[in-house]
Amino acid sequence: MRILGTLSAKCFSDLGSDSKTSKFWYGGLVMVRKSPFWVICLLAVVLPRLAWAGEDVFVDTGATAWMLTSTALVLLMVPGLAMFYGGLVRTKSVLGTMMHSFSAMAIIGVLWMVCGYALCFGKSIGGWIGWDSAKFMLRGIDDVITSQHIPEYVFAMFQGKFAIITPALIAGAFAERVRFRGYCLFIALWSICVYSPLAHIVWGGGFLTGKVIDFAGGIVIHISAGVAGLVAALYLGARRGYPRTAMHPNNLVMTLMGAGLLWVGWFGFNAGSSVSSGLKTAQALTMTQIAASSGALTWVLIEACVYKKATSLGLVSGIIAGLAAVTPAAGDVLPHGALIIGCVSAVLCYLAILAKNRLGYDDSLDAFGIHGVAGTIGAIGLVFFLRSGAAASFKTQLWNQMTGVLLSIVLSAVGTLILLFIIEKTVGLKLAEEDEMAGMDHSLHGETGYGLINVG
Amino acid sequence: MKLVTAIIQSDKLDAVREALFDAEITRITVSRVVGHGRQENEEIYRGQKVVPNLIPKVRLDIACNDQFVEIAVDAILRSAKHGNGQIGDGKIFITPIEECIRIRTEERGGTAI
């Protein structure tokens with residue numbers, strides 16, 4: 001739906017607002033009692049407007065404003081993630097770890113404009129991947145208004161932020177031990193080979209679009225990133241010295257601030273995924289808040305019972321567990337469902353981290369233990385709490401959800417393994433021992449994170 | 001009683017600690033220090049290469065009885081070198097200790113170490 005010029009866009013733009021129409025109706029009802037003349041006048045004013053509104057070409061300024069805000073909020077999650085992860089690693093690798101998130105903004109930001117958007121949201125090729133030459137380099141969407149009444153640029157940029165944060169999440173699993181050039185190549189290829197097909201299949205018109213419920217990306221984002229992280233952690237091996245040497249977080253204050261930014265940004269992430277500004281948005285925002293709080297509270301209670309001490313890291317882990325779990329469910333479950341999903345997610349993520357410590361693999365910052373596990377719980381758990389009026393029966397929906405989860409796990413695991421193998425054999429991914437011991441900041445970036453350590 | 005003070009590269013801290021631990025020397029004090037040496041440590045800030053005049057290092061202080069001095073020194077020499085030894089690997093100083101007192105029990109001398 002392309003509109004012809006800016007003039008007509010302006011004319012239509014004020015038609016989208018609900019409040020104006022309702023004022024008309026209210027005024028009309030009062031006037032109807034006074035005189036039939038007013039009825040005719042009223043119809044003369046309202047009818048053409050309703051007729052025009054049916055053409056689907058106007059810009060809904062309310063929705064556009066919220067989507068612009070959401071886009072900014074989701075981008076804010078990336079520095080939030082950088083702080084969250086950056087605080088959890090050792091002092092010598094704080095900058096290298098934060099660079100993993102920030103470089104995703106640079107690399108995927110460009111890649112999305114070039115081909116990512118076309119691959120995810122172009123016309124479907126066999127249901128697996130999209131392509132549309134108008135979306136390649138974003139060259140044909142300059143004046144396009146989507147059927148949700150927002151400029152397509154806004155939709156493309158909003159979705160682009162999801163593509164940025166997903167590979168950045170993976171970095172938590174192999175923190176402190178990868179070469180920068182290998183990492184850059186990995187996230188670029190992963191975005192094309194794993195994220196793009198998955199986003200297309202679930203959201204962009206692929207064979208699961210409309211069948212599987214993945215409101216804001218539990219399957220596409222959290223499961224795929226979590227599984228990729230697990231595979232990468234197993235493939236690359238542990239950090240040297242792990243688990244004999246204690247590897248303490250260098251700055252939990254920064255981690256807490258990062259978690260705060262993530263929570264705030266998540267409102268854009270989930271509520272923005274309604275691609276509107278209305279009832280669905282409010283529902284998604286409410287469930288996001290409930291699940292985050294419920295996850296945080298549960299985790300703190302577990303720690304208080306088990307260790308007799310509630311830790312700050314535990315609380316923020318609970319926040320992320322709750323948020324990641326409610327991501328696929330936010331638009332479709334009821335408040336008690338969000339409460340239970342957040343709570344169950346925190347319990348199972350906690351157990352997953354205990355299992356990780358028992359098994360001894362080094363998913364350093366728990367990309368799988370939190371994002372992978374929570375995403376799975378949300379994607380399957382949502383079936384039990386759907387609001388009435390769901391399109392498919394319980395059994396069909398449960399089956400669809402499990403198909404989606406399984407597809408994400410298989411696609412991500414296989415794709416990641418192949419990419420890791422290729423990159424390790426060509427440019428190299430695993431950091432040399434000396435560089436790893438010296439820390440990524442010094443050996444890869446030639447900087448130090450904290451000036452306070454140096455007297456001079 | 002002697003005080004063995006070693007200034008080493010920060011990336012070798014784990015290796016040295018493990019070597020000392022294997023030699024059954026477990027009581028050490030570790031601190032971050034900066035100083036001058038012959039090593040040059042280049043850092044990059046917005047494209048400009050900077051050579052800080054003070055380089056971060058790690059300092060280990062090990063107080064031990066005389067018979068353990070060589071064991072401690074050997075362990076450090078074995079573990080603190082980069083390859084066969086490079087500029088910047090650090091130094092070891094050994095100084096005599098006049099007295100050693102454990103605060104809890106007020107013991108003095110060799111048994112307090």
Side-chain angles (χ1 to χ4, degrees), chain A residues 86 89-100 102-103 105-106 175-181 184 237-251 360 362 364 430-456, chain B residues 6-60 75-76 78-90:
Chain A
V89 295
R90 289 171 291 174
T91 311
K92 58 188 176 182
S93 296
V94 56
L95 288 177
T97 304
M98 294 183 85
M99 278 289 274
H100 284 165
F102 275 86
S103 56
M105 290 204 267
E176 303 195 73
R177 57 188 187 279
V178 292
R179 285 159 69 101
F180 188 61
R181 68 186 74 162
C184 290
R239 287 170 287 181
R240 290 173 173 94
Y242 180 89
R244 265 176 306 130
T245 318
M247 295 182 180
H248 294 299
N250 77 81
N251 189 349
D362 186 14
S364 317
K430 176 118 179 148
L431 204 53
E433 181 169 4
E434 263 182 32
D435 293 338
E436 189 184 320
M437 296 313 285
M440 292 158 86
D441 295 2
H442 178 69
S443 61
L444 298 178
H445 305 294
E447 299 168 294
T448 36
Y450 298 101
L452 299 171
I453 300 159
N454 301 344
V455 180
Chain B
I7 311 288
I8 59 165
Q9 298 264 45
S10 12
D11 61 311
K12 285 292 178 190
L13 175 60
D14 285 347
V16 172
R17 268 179 53 220
E18 271 170 36
L20 287 170
F21 200 82
D22 290 343
E24 295 183 347
I25 295 170
T26 52
R27 291 160 198 193
I28 60 171
T29 307
V30 181
S31 40
R32 291 182 187 280
V33 292
V34 289
H36 282 285
R38 274 183 64 197
Q39 184 200 6
E40 288 193 344
N41 181 35
E42 206 170 67
E43 296 191 344
I44 307 160
Y45 290 97
R46 294 213 168 134
Q48 195 171 19
K49 285 185 183 167
V50 181
V51 181
N53 47 9
L54 293 169
I55 299 168
K57 297 273 176 180
V58 166
R59 170 178 166 157
L60 298 144
I76 297 169
R78 257 201 325 276
S79 55
K81 279 182 195 162
H82 284 82
N84 288 323
Q86 280 178 7
I87 291 173
D89 279 346

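Just so you know, these numbers come straight off a predicted model, no measurement behind them.
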Problem set entry | Sequence-distant partners of B/K57, side-chain hydrogen bond (donor to acceptor under 3.5 Å, both in side chains), two or more places apart | B/Q9, B/Q39
Exercise. Which residues satisfy the salt bridge (Lys or Arg N to Asp or Glu O under 4.0 Å) test with A/E433, sequence neighbours excluded?
Worked result: none
Problem set entry | Partner residues of A/F180 under the ring pair (Phe, Tyr, Trp, His ring centres under 6.0 Å) criterion, sequence neighbours left out | A/H445
Seminar exercise, completed: Among residues 12-26 of chain B, those lying within the under-4.5 Å heavy-atom range of chain A are B/D14, B/R17, B/E18
For this session: Could you tell me which portion of A/E436 (side chain, backbone, both or neither) has an atom closer than 4.5 angstrom to a non-hydrogen atom of chain B?
Result: neither
Problem set entry | Side chain, backbone, both or neither of A/R244 within contact of chain B (heavy atoms, under 4.5 Å) | side chain
